[in-house]
Structures are given as structure tokens and as C-alpha cells.
Amino acid sequence: MHNINYIRENPTEFDNFIKTRGENPIANKIIEIDKVKRETQTILQNLLAERNQISKSIGQLKNQKKDTTHEMEKVEDIKNKINTLKELETLKDDELKAILSRLPNIPDSSTPVGATETENVFYKDWGDKPTFDFNPKLHFEIGENANSMNFETATKLSGSRFVILKGQLSKLERAITNFMIDKHTLVNGYVEMHVPYLVKEETLYGTGQLPKFADDLFTAGDDHWLIPTAEIPLTALHSNEILNINQLPMRFTSYTPCFRSEAGAAGKDTRGMIRQHQFTKVELVSLVEPQQSKEELERMLNCAEGILQDLELHYRVITLCTGDMGFSANKTYDIEVWLPGEGKYREISSCSNCGDFQARRMNTRYKQNDKNIYIHTLNGSGLAVGRTLIAILENYQTADGNVRIPKVLKKYFDNQEHLF
RNA sequence: GGAGAGAUGGCUGAGCGGUUGAAAGCACCGGUCUUGAAAACCGGCAAGGUGGCAACACCUUCCAGAGUUCGAAUCUCUGUCUCUCCGCCA
């Protein structure tokens, strides 16, 4: 959510910013609605003050057993005016909210301007592409050949975009998760949280998924929605609270399943487990003071990168351009891991600074020198577990169809050398 | 699922329908005292908004939403959540 004062004072700048995010200019319209709303409010409040005054005097007159019919008539007239003005105010307020709640965050000055993903900017990379003396297979070929990855049965149970992992692959998924959580809690200073997978509409509004992106989500039929990422419950942990400054920064990590309808991705990545309706992810979330958030984004990125480095997987980091960035972010780094089977880099983590955008929507503040200031929120995958599993299969595969177990995961496998 | 009780400021907790935005205590902040600290004492301490250069004035908010009333924390209805007892149950 945007600060209306900012829009009021910098309409052109605001329009220029949201233009880079693919939105049409709208500041003038916002200001016009806001103006009518505030004018209405001023008149309304004066009438309310008058009503309160008269009501008070009625109380006093009644105490003195005096006649109040004159006052009563006066109030009756004011009441009618109050009702019409109140309706108008609510109407304008709703209009304003409808617009503001659907406008994306303003990009950080270091975010490259661009329309589509082709204009994302290379930031850095790590490691080298592995070499093979055979033709590296795709992850699902490896999994299916080992009889440990099954899409057909999953489709029988749940339809398309689901998978069943069996035996060693199921265990690998669990080992990856444990490794990530252990690293983030023991080394990186994040607090592990176990959170609900079903949340209320209000919670999704806070992080920015609603009202605009309902199509990307699954509902549970009642008033609950399935989380598309643990970012949602973690970021909202302290919504509607005023924190003490010494509580910040807060760093949370959580392992959860994520549910996404993939509404806009029909026909995309239909083979394999790259794009599923359900996947698991270890999420990182930071709640920080405003002046810390830029630094925190780099820190978070490093924490996510560290996992891939430990797993010795080659990757690159790109900075998303304004047009490709998510709704709530002001700056986003994507980490893309190398998949030799596909011969492509694939997103495995996305780390975003949301500034005060989400904090405004969910009303999370902290007190400093008697002032209440919106915090900054950040989130990042640390990492997507399913895609990490894919990366391990494709990068660590051997000519005979087996898979070497990465050094750091061996302890979860009784020091075995190979997966199968 | 059945029966009952409740929801007030950071926390605990008062509150006959009419100076109650809300007593009191705790916590917190500032000060006096002290070598320092504690104790004691004094003072401050909800949020959002509108108007105003400002001082300041006013409005809204006592779970949420409707309603009754000249006037609602206080009365009525609906919803949400919490607690206790019973039933069922991982």
C-alpha cells in the first residue's frame, strides 16, 4: 500500500515509477478522489462536532429538568446531513482503497528499469557448469528410471502438476529440508517457526496476494486460503502490532508446503516437477528497521546462496527489472541454478525487499523516539526444496543412472556415496 | 457437535446511556535524591484522521458489522475469537 501523502506531493514522480512497472498514470485520479474525500470529511466532522455539542447540552438540560424540544429538532436536521455525508465519505474511501490496494510497490533506485524478463540484469555467479562424459539426463528421467518419481499415480490421485516421490527420493527431499533449516537456524541466525498452511483473506491482503492475485491461489472452500509461500504467515506474524525497537531485526525461517494454482502457466513446464501445484520450500523472512533493509537483502541473498555453495551447485544471480518484479517488492534478486539435463538456468530462489509496502498493508510498526514507524519486510526462498532436488539429480548424476550424494547431505544418508 | 462465560490502552483490570479516550495497578520514558544502583517521590505515557504555518482545535476508535437513542464502552441483533464443562477424536 502506498503512502497517500507521498502521491499527493509527488504525483508525477509516482506516475513515472509505476509506469516502469507496467501501470498507467493514475496519480491525478487518486488525488481527485482523495480531495473529495477530505472535503467531505471536513464538513462531516464539523457536523459531528455540532451534534456532540448539542447532545451534551441536552444532557445538562435534562438534569435540570428543562425543556429540550428545541435542541432535539436541531439535531434531527443535522442527523440527516450527517448520514448523506457519511455515505459519500465511505464511497470515496472505498474507491481510493480499491485503486491503492492494486498498485504495485515503487521500485528501489537500484532496480533496473525494463519491461520484461529479457531486461533483467546479471549480478554475479558462482562455480562452474559441471562436465559430463555422457549425455546428462533430465531430472524426471533419472527419477523415473530409478522407480522413485511417479507422475502417473499422482495424476490419478490429484490431477496434473503433482508428483509422488518414493524411497530414496522422498528421503532426499527430507534431507535437503533438514540441511537448509539447520544451516539457517544454527549458522544464519534465523528462528525456526511452524506456521499454519491455511490463512484468512486478511493475511493474504497484508502481503499483497489479495485482492489482485486471487486466481493464483487455492481456497479451502470456507474462509481459508492455502498459502502459496510461507512468506505470508511469517511476514504477518506481527501484523497490527507496534514493536519495540530492540525487538528488531527479526529473522524467521519456516519449512512449509506451498500451493499455487499456476493459472497463468497453462502448457508451461508440464513435464517433470519444475512447476507443481504443491511443492515444499524453506522460506526466509526478515522484519527490520527501514535503514537496514538494503543491507538485509544482501545478507538474505548470501544466506540463500550459501546453501547452493554448500551443495556445490553452480548458479547465477540476476537482478529483476521493474517489469518482471513481483507486486510487493521494491528490489528482487533471483538465484538461478544450472540444470545440465535441461541445459538451462532455473530459478531456485527469489529474495525481495518489500520496503514498508507490506508493513503498511498489515500495519506493522515499531516505536522510535515516541514515533510509530512502519517496519521494512523482506522475504526469500532458502531454497525451494523440489527444485533443489532436481538440481542435485541433474548435477550429481552418473553415467549408470545413479546419483552421487552431495558431501553435506551424506550425514543424512549414513554416509552413503550414491543415492540408489 | 451440545451447554455456559467472556472480549476495554504494552499487560492486569474498573467502568448507574450524558465532561469516560476511558479509574487503578504494573511495565515503559524523563526528573529529584544517590559515588553508582535500588527504593522512595514528582511528572509523562493509546492509535488513526481532518483543519491550521504553528500553538492548537475537532473527528473516529473500548473484538468486527448492523441497529436503538438527541447521545452508546455501557442497550439489541449478527458474526469472529477466547475460556470452562460434556461428547467425539489425531
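Note that the coordinates shown come from a computational prediction; the quantities given were computed from them, not determined experimentally. In the text below, chain A, chain B and the rest are named by the order of the sequence lines, each starting its count at 1.
Distances shorter than 4.0 Å separate none of the side-chain N or O atoms of A:Arg38 from OP1 or OP2 on B:G49. OP1 or OP2 of B:G51 has not a single side-chain nitrogen or oxygen of A:Asn46 nearer than 4.0 Å. For B:G48, the OP1/OP2 oxygens have no side-chain nitrogen or oxygen of A:Arg360 closer than 4.0 Å.
B:C16 makes up no base pair with any nucleotide shown, lacking Watson-Crick or G-U wobble contacts both under 3.5 Å. Pairing for B:G30 goes to B:C42, judged as Watson-Crick or G-U wobble with the two contacts each under 3.5 Å.
At the heavy-atom level, A:Lys74 lies nowhere under 4.0 Å from the strands shown. Using a 4.0 Å heavy-atom distance criterion, A:Lys367 is classed as a sugar-phosphate-only contact. Within 4.0 Å (heavy atoms only), A:Gln41 reaches sugar-phosphate atoms of the nucleic acid but no base atom. Here A:Asn244 lies out of heavy-atom contact (under 4.0 Å) with every strand. A:Leu48 comes within 4.0 angstrom of sugar-phosphate atoms only, judged by non-hydrogen atoms across all strands, and of no base.
Aromatic ring centroids of A:Tyr190 and A:Phe252 lie 6.0 Å or more apart. In summary, the aromatic rings of A:Phe151 and A:Phe162 are positioned with their centroids too far apart to meet the 6.0 Å limit.
Sorted by first and then second residue, the ring-ring contact (aromatic ring centres under 6.0 Å, His included) pairs with a member in residues 53-107 of chain A form an empty list; sequence neighbours excluded.
Taking atom CG of A:Leu61 as the reference point, atom C1' of B:C70 lies 11 Å away to the nearest angstrom.
Look at the P atom in both B:G44 and B:U82: the space between them is 39 Å, to the nearest Å.
In the interface, the side chain of A:Gln45 is not paired with the base of B:G51 through any donor and acceptor atom under 3.5 Å apart.
Of the listed nucleotides (B:C59, B:C70, B:G51), B:C70 has the atom at the smallest distance from the side chain of A:Lys79. Checking B:G18, B:U50, B:A47 against every side-chain atom of A:Thr42, the shortest atom distance belongs to B:U50. If you check B:C58, B:G48, B:C70 against the side chain of A:Ala49, the one that comes closest is B:C58.
The residue from A:His238, A:Arg361, A:Gln358 that alone fulfils the side-chain contact (heavy atoms from CB on, under 4.5 Å) condition with A:Thr377 is A:Gln358.
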